[in-house]
Amino acid sequence: MIAQKFPSELDCFLKQKQDEHLQALRRLVQQPSISAHDRGVEDCARLLCSMMQQRGIEAEVIPTSGQPVVYGEIQSPQEDAYTLLCYGHYDVQPPEPLDKWTSPPFEPQVRDGRLFGRGTGDNKGQLIAHVLAAEAWRKVEGKPPINLKFVFEGEEESGSPHLREFVSKHRERLSADLVYISDGGMHPSGDPVISLGNRGIVGITLLARGADRDNHSGNKGGVAPNPVWMLVHVLANLVDSCGEVMVPGFYDDVRPIGPQEERLIEQLPFDPEEFGRTMGLSRVPMGKQKYYRRIMLQPYFNISGISSGYVGPGSKTIIPAEAECRIDIRMVADQTSSDVVDKVKKAVEDVDPRVEVIGRGIGAMEPSRTRPDHPAVDPIKKALQAVSGRQPHVKPSGGGSLPNAVWPEELNTPHIGVPYANADENNHSPDENLRLDCYYRGIRSSARVFWQLAKARAEGDI
Ligand SMILES: [Zn+2]
């Protein structure tokens, strides 16, 4: 039987344990785990695994073709219990530039109510919150009210190249009702956020080649082909001046924006001046609906760089030999990277077959979105509201890209993201930090989410 009220002993227990919880996070942050440099990652996996075992979770380090996954489980005695899979990553970004840190990145220090150190917010403080919440349930109530599975990977900061392989290899073991991800920051106001998805990303390079050397634009001009013009013509045929993608079939698989998404957007906060400032503009040059639709629910075809010829001091009158353009395409559900790349290749070939399209396959992430009316959204919302006293903002999707598509694609399991860190956590930057109140609130949030999901299951809602 699941208690009708959230057990108050749990809140007391969590309050008493705050110092211990801070020590646990310190210990984890002290262990470097930089996947980009292969520094300390396996040691960190072993440390995390033993910390989970000490807290009553059956945990093991599972090797992959890359860095290991730390996997853990703790079962609920409840028959037909809900199963939540908590995903996080224990690897961190490189800490450089070191001289920009106030205290060394792997010597965690508390200042002004925040713990500073690489990985505090991204993602060690957030993943351990789930573990500590599970421990609290075990210590106070004997067992958690739902089945919990933990997948903590060691390569997220390097693009999760082996996560799909791991998940597909362990499908049965990982089967769950929902994947729960705490990464990133809350709303700057401190309001909780629920994110139902993310855009995907795929990178391509366009390469135009003319002669095998730069040529004199007078002596050879009009005869030697100019690859910059080739590139310009191709690009002008890919996207129009309003940003609309002209690649045939590009929008075919874009999931339509429904009334539920429109309603969620309606409820999101929007301050055109403040949002503008975060991108170096005096204000966002569009209204709220258009802004959120564009950032969350529509694809974006981006040119991230172009290079060719001579732009140094004075002049150099050449016809360049080569021109290169880097493109990244932010896809939305239900586009796929392979289909999008095929369509772009075909469109480029139709305009100018001399321009080569090179797929930058590594690092592609597929888009993914959980339905706004998914039955787990409501209990999670209730739990977060009970803990923070604030109404959570439900975002139909984030704008950025995460490896979340593996959950529906490999496990047929939807995912919901609930970030626990402060908006100014400085993830990926010097002086990364996690506000202690956010950390403790995150642990309470996990504990409450577990209970609320158990309650919803008992009531037949999920
Ligand atoms: Zn990160």
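Both counts, for ligands and for their atoms, begin at 1 and track the order of listing.
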*In Asp122, what N, O or S atom is nearest to the Zn ion (ligand 1), if we give its atom name?*
OD2

*For Met365, does its backbone N or O pair with a side-chain atom of Ser401 as donor and acceptor, under 3.5 Å?*
no

*Scan Arg441, Lys395, Arg390 and name whichever one has a salt bridge (Lys or Arg N to Asp or Glu O under 4.0 Å) with Asp191.*
Arg390

*Phe6 vs Trp137 aromatic rings, parallel, tilted or perpendicular, using cut-offs 30° and 60°?*
perpendicular

_Sole candidate of Phe450, Phe150, Tyr180, Tyr87 that passes ring-ring contact (aromatic ring centres under 6.0 Å, His included) when paired with His130_ = Tyr180

_So that I can check it, does any N, O or S atom in Glu156 come closer than 2.8 Å to the Zn ion (ligand 1)?_
no

*Please find the N/O/S atom of His428 nearest to the Zn ion (ligand 1) and write down its name.*
NE2

*For the Zn ion (ligand 1): the N/O/S atom of Glu157 at shortest distance*: OE2

